[in-house]
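What follows is a set of notes on a single structure, which appears directly below.
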Amino acid sequence: MTGRTRENYNKNYLEYVKTQDPPTKHFKNCAAAFGVGGLICCIGQFIRYMLSYIGLTGDELAGATSVVLIFLGCLLTGLGVYDRIGRYAGAGSIVPITGFANSVTSPAIEFKTEGWIYGMAAKMFTVAGAIIVFGVCSGVIVGLIYLFV
Amino acid sequence: MKKGNTVFFKNTPAILSYAAVCGSKEKEGIVGTYADITLEDDMYGESTYEKAECKMLSTAISLAIKKSGLEEDKIDVLLSGDLLNQIISASFAARDFEFPFLGLYSACSTMSESILLGAALVDGGYVNTAVCATGSHFASAERQYRYPLELGCTRPPQSQWTVTGAGGLVLGRSDKGVKVTCGTMGRVRDYGVTDVNNMGAAMAPVDGIITP
């Protein structure tokens, strides 16, 4: 096979580890993610219809729908349900806006024991912080391109 | 006497008594039947998981001492560690006892390291009795090394769970009980496993597999 260098040791070992890992059930995971993700979107669409009945339109309607979904995501995280959905659905529950709500709420709950300021408030964005930083940065870059092009 | 990385003990340090505390998930498995105390509630009546870990460790130590029939003032030293920053659980558990404390950190091999060092102290005649103990908690370890418990992320099928539990034993010179005859000191080997969910692969490499 390969020579006795450190890199080769690592490569051989990692290949061996890969053979020992139980296989990921890609089809089942994809189906679960598709089903649950689609269901969340359907719920979002239902909320959108309901809100349009009370007279919201355009940006207001989109904003209000997001707010309701974020609230539901936070509530289900607080009730300890969202992590169970996530374990089953994977990307299906991470990608929608409810997943983002979950990633902010879960560290807030976890670090509440370290106090309200240094615990909950300071650690709230440990998971979502990266998304916010790169989201804002890419938003600014796209905005500048849009402005000048 | 030392041969390779293994030290051999002459004066038969032996395990006088032992005790274990484990969580509700561990109770379901094969180790559950060997635990002295099984927690119904993983918080163990405390306000945080870290405090629960500390209480489990303290309970395991005092139970092991009680089972050995020795008085607390006959114990010469406590060797203990855990998985958290500044081995905080072991340090805080040591507050509950009057004997001195030596803190150890060796991740999952903390228990075996404590037995090796404890046996060496007993064998050399530096102490008569040593208590070796280790504890960990799934929830506090998840928070320390991985993601918050409530975060809806999937665990890959090869991911392992950190034990919720604590164990302690009393070492002393005796002709009865399980004797500690030797101990092998481990080396740190990094074979490049970076998956936080696969701690077993990172910690237990087998040389025969990786050597071409």
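Numbers restart at 1 for each chain; the letters A, B, ... are given by sequence-line order, proteins then strands. Here the structure is a predicted model, which is why all the values come from computation and not from measurement.
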Taking every heavy atom of Thr113(A) against every heavy atom of Ser47(B), the minimum-distance pair comes out as CG2-O, 4.1 Å
Hey, could you give me the CG/NZ distance between Asp195(B) and Lys18(A), rounded to the nearest 0.5 Å?
11.0 Å
Count the heavy atoms of every other residue, nucleotide or ligand shown that sit under 6.0 Å from NZ of Lys179(B), and state whether that count exceeds 12.
yes
Could you check whether atom OH of Tyr18(B) has more than 12 heavy atoms from other residues, nucleotides or ligands sitting under 6.0 Å from it?
no
I'd like to know whether NZ of Lys2(B) has more than 12 heavy-atom contacts from other residues, nucleotides or ligands below 6.0 angstrom.
yes
Say whether, by atom type as modelled, one donor and one acceptor occur between the side chain of Tyr191(B) and the main chain of Lys11(A) under 3.5 angstrom.
no
Looking at Leu144(A), I want to see if its CG is surrounded by more than 12 non-hydrogen atoms of other residues, nucleotides or ligands under 6.0 Å.
yes
For chain A, find its close neighbours in residues 137-158 of chain B: heavy-atom separation under 4.5 Å, sorted by number, or none.
Ala139(B), Arg143(B), Pro148(B), Leu149(B), Glu150(B), Leu151(B), Gly152(B), Cys153(B), Thr154(B), Pro157(B), Gln158(B)
Rounded at 0.5 Å granularity, tell me how far OG1 in Thr48(B) sits from CZ in Phe111(A).
12.5 Å
Bottom line for Gln20(A): the part with an atom under 4.5 Å from chain B's heavy atoms is neither
If you count the non-hydrogen atoms of other residues, nucleotides and ligands that lie under 6.0 Å from OH in Tyr105(B), is the total more than 12?
yes
Surrounding CD1 of Ile30(B) (heavy atoms of other residues, nucleotides or ligands, distance under 6.0 Å), is the total greater than 12?
no
Heavy-atom neighbours of Asp59(A) CG exceed 12 at 6.0 Å
no
Do the non-hydrogen side-chain atoms of Val193(B) and Asn10(A) ever get within less than 4.5 Å of each other?
no
Does atom NZ (Lys67(B)) have a neighbourhood of more than 12 heavy atoms from anything else shown, all under 6.0 Å?
yes
With only heavy atoms counted, which part of Ile85(A) is less than 4.5 Å from chain B, the side chain, the backbone, both or neither?
neither
